[in-house]
Amino acid sequence: MTLTIAEALACAGQLEAASDSAALDVQVMLQHLLQRPRAYLYTWPERSLTAEQEFAFLGLLARRKRGEPVAHLVGFREFWTLELEVSADTLIPRPDTELLVELALELPCPDNARVADLGTGTGAVALALASERPGWQISALDRVPAAVALAERNRRRHGLENVRVLESDWCQALGEPQDMIVSNPPYIDKQDPHLQQGDVRFEPESALVAGESGMADIRSIATQALKALKPGGWLLLEHGWQQGRAVQACLRDLGYRKVDTRQDLAGQERVTLGQRG
């Protein structure tokens, strides 16, 4: 006899040492294998998996025990209102980054604004903005060819024609001046012990780590954005929870106005913004 859905759900107990979201992890894996919504799992708990489904489930369970991110196991992650394909070539989109989207949507911008997302990865931020502001012309830029290809697949999947995905080292490929630039760049110091914990162990270091105590890429973007932004254009940068003051100082030193730092849902400083003079 193969496992029932209820028995498979109970396997969450095997993940408690490897995950702080064990029950949810198992639910997501089962939803993926069965191609059913979560409600199905609890409506039909007595139904048995097929032999193939059980084999696949136990394989995913073993990989999760080793710490592999659930997003990599099932190949997607929800962000904003979108389901996005993910891969080991980019960061996995995280709920904290939705603050970057929220703030961008709150700022005063023309209906036909030009907006750039630097280091787009899966395309999460660019595509979320495009889905909310169909009149905006959005450039999703990344220097990693595999990330560019992934973001383009996600763009096509959601049919967002107001986004162009380009290979670029930060602002390099931008042509016309932008009304807004947003970015979730690498900002972790190489010595940070968190790099050896959780999902980040399976994500590319180049998308996580920056020199100068995590500030190198932030400074580079802020400097380049002075030329890439229109006068009065906005720069929004995600950063680490202890970097708010440093990012504010960087922007003010470069002449940005209205510099401010906003907190995420956990009350941690997460995004700093400034306006080009």
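Values below: every heavy atom of this structure, side chains too, minus hydrogens, waters and symmetry copies.
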Take Glu238 and Arg270 through the test side chain to side chain contact (heavy atoms under 4.5 Å, CB included) and record every step on the way to the result. CA-CA 6 Å; Glu238 180 171 336; Arg270 184 61 56 191; 3.7 Å; yes

Could you walk me through whether Thr261 and Val271 pass side chain to side chain contact (heavy atoms under 4.5 Å, CB included), step by step? CA-CA 6 Å; Thr261 298; Val271 174; over 6 Å; no

Start with the C-alpha distance between Thr120 and Val125, add both sets of side-chain angles, then the distance that settles side chain to side chain contact (heavy atoms under 4.5 Å, CB included), and finish with yes or no. CA-CA 7 Å; Thr120 197; Val125 173; 5.9 Å; no

CA sep, side-chain torsions, deciding dist, call: Leu150, Asp89, side chain to side chain contact (heavy atoms under 4.5 Å, CB included): CA-CA 9 Å; Leu150 176 61; Asp89 297 308; 5.7 Å; no

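Between Gln243 and Tyr187 the shortest side-chain heavy-atom distance falls below 4.5 Å. Counting heavy atoms from C-beta on, the side chains of Arg155 and Leu127 come closer than 4.5 Å. Looking at heavy atoms from C-beta onward, Leu237 lies out of side-chain contact with Leu100 at the 4.5 angstrom threshold. Taking 4.5 Å as the limit, every side-chain heavy atom of Asn112 sits out of range of all side-chain heavy atoms of Gln137. Looking at Leu103 and Leu236, their side chains come closer than 4.5 Å, going by heavy atoms from C-beta outward. Phe79 is listed as a side-chain neighbour of Glu98, based on a closest heavy-atom distance under 4.5 Å. When side chains are defined from C-beta on, Leu73 counts as touching Met29, because their heavy atoms get closer than 4.5 Å. The closest side-chain heavy-atom distance from Leu49 to Ile5 is below 4.5 Å.
Note on Arg156 versus Glu152: salt bridge recorded, some NZ/NE/NH1/NH2 to OD/OE distance being below 4.0 Å. Ionic pairing of Asp169 and Arg143 is not present here: no N-O contact between side-chain nitrogen and carboxylate oxygen is shorter than 4.0 angstrom. Between Glu83 and Arg157, at least one side-chain nitrogen of the basic residue sits less than 4.0 Å from a carboxylate oxygen of the acidic one, meeting the salt-bridge criterion. Ion pairing between Lys258 and Asp260 fails under the 4.0 Å rule for side-chain N and carboxylate O.
Gln27 and Tyr42 are linked by a side-chain donor-acceptor pair at a separation below 3.5 angstrom, with hydrogens and angles left out of the test. Side-chain atoms of Glu85 and Thr122 form no donor-acceptor pair, as typed in the model, at a separation below 3.5 Å. Judged by distance alone, the side chains of Arg114 and Gln178 never bring a donor and an acceptor atom under 3.5 Å apart. Using modelled atom types, one finds a donor on one side chain and an acceptor on the other under 3.5 Å when comparing Asp25 with Ser19. For the residue pair Glu132/Trp80, the side-chain donor-acceptor check at 3.5 Å is satisfied.
The backbone N or O of Ala173 sits less than 3.5 Å from a side-chain atom of Ser168, completing a donor-acceptor pair. Remark: side-chain polar atoms of Asp217 are not paired, donor with acceptor, to backbone N or O of Pro185 under 3.5 angstrom. A donor-acceptor pair is defined here as one N or O able to donate and one able to accept, closer than 3.5 Å; no such pair exists between the side chain of Tyr40 and the backbone of Pro45. A distance-only check finds no donor-acceptor pair linking the side chain of Asp264 to the backbone of Asp96 [under 3.5 Å]. Looking at Ser48, its side chain never comes within 3.5 Å of a backbone N or O of Thr4 through a donor-acceptor pair. With Thr43 contributing its side chain and Ala39 its backbone, the two residues share a donor-acceptor pair below 3.5 Å. In this structure a side-chain-to-backbone donor-acceptor pair under 3.5 Å is present from Gln275 to Gly232. For the pair Arg64 (side chain) and Glu68 (backbone), a donor-acceptor distance under 3.5 Å is present.
Under the 4.5 Å side-chain contact rule for hydrophobic residues, Trp234 and Leu129 share a cluster. In the hydrophobic clustering of this structure, Val144 does not group with Val182; members are Ile, Leu, Val, Met, Phe, Trp, Tyr whose side-chain heavy atoms approach within less than 4.5 Å, directly or through other members. The same ILVMFWY cluster, assembled from side-chain heavy atoms under 4.5 Å apart, contains both Trp170 and Leu91. Follow the hydrophobic side-chain contacts under 4.5 Å out from Leu99 and you never reach Leu251; the two are in separate clusters. Hydrophobic cluster membership is shared by Trp44 and Leu3, with clusters built from Ile, Leu, Val, Met, Phe, Trp and Tyr side chains linked at under 4.5 angstrom.
Paired with Thr272 under the rule side-chain hydrogen bond (donor to acceptor under 3.5 Å, both in side chains), one option of Gln248, Arg262, His239 passes, and it is His239.
Here Ile181 contributes atom CD1 and Leu273 contributes atom CG; the two are 13.5 Å apart, rounded to the nearest 0.5 Å. Interatomic distance, Leu15 CG to Ser21 OG, rounded to the nearest 0.5 Å: 9.0 Å. Between the CG atom of Leu34 and the CZ atom of Arg38 there is a distance of 13.5 Å, given to the nearest 0.5 Å. Ile218 contributes atom CD1, which lies 7.5 Å from atom SG of Cys250 (distance to the nearest 0.5 angstrom). With rounding to the nearest 0.5 angstrom, the OG1 atom of Thr97 is 11.5 Å from the CD1 atom of Ile92. Rounding to the nearest 0.5 angstrom, the gap separating the OG1 atom in Thr50 from the CG atom in Leu33 is 9.0 Å.
Counting heavy-atom neighbours within 6.0 Å of Glu176 CD, excluding the residue itself, gives a total of 12 or less. Heavy atoms from other residues, nucleotides or ligands lying under 6.0 Å from CG of Asp111 number 12 at most.
Here the closest heavy-atom approach between residue Ala126 and residue Asp117 is recorded as N-OD2, 3.3 Å. Closest heavy-atom contact between Tyr256 and Ala225: OH-CB, 3.4 Å. Gly121 and Asp142 get closest at one heavy-atom pair: N-OD2, 2.9 Å. Listed here is the closest heavy atom pair of Arg245 and Glu269: N-OE1, 4.2 Å. Considering all non-hydrogen atoms of both residues, Cys171 and Leu118 come closest at SG-CD1, 3.8 Å. When all heavy atoms of Trp136 and Cys109 are compared, the closest pair comes out as CZ2-CB, 3.9 Å.
The side-chain contact (heavy atoms from CB on, under 4.5 Å) search around His158 returns Leu82, Leu84, Leu160, not counting sequence neighbours. Under the salt bridge (charged side-chain N to carboxylate O under 4.0 Å, His left out) criterion, Arg133 pairs with no residue, sequence neighbours left out.
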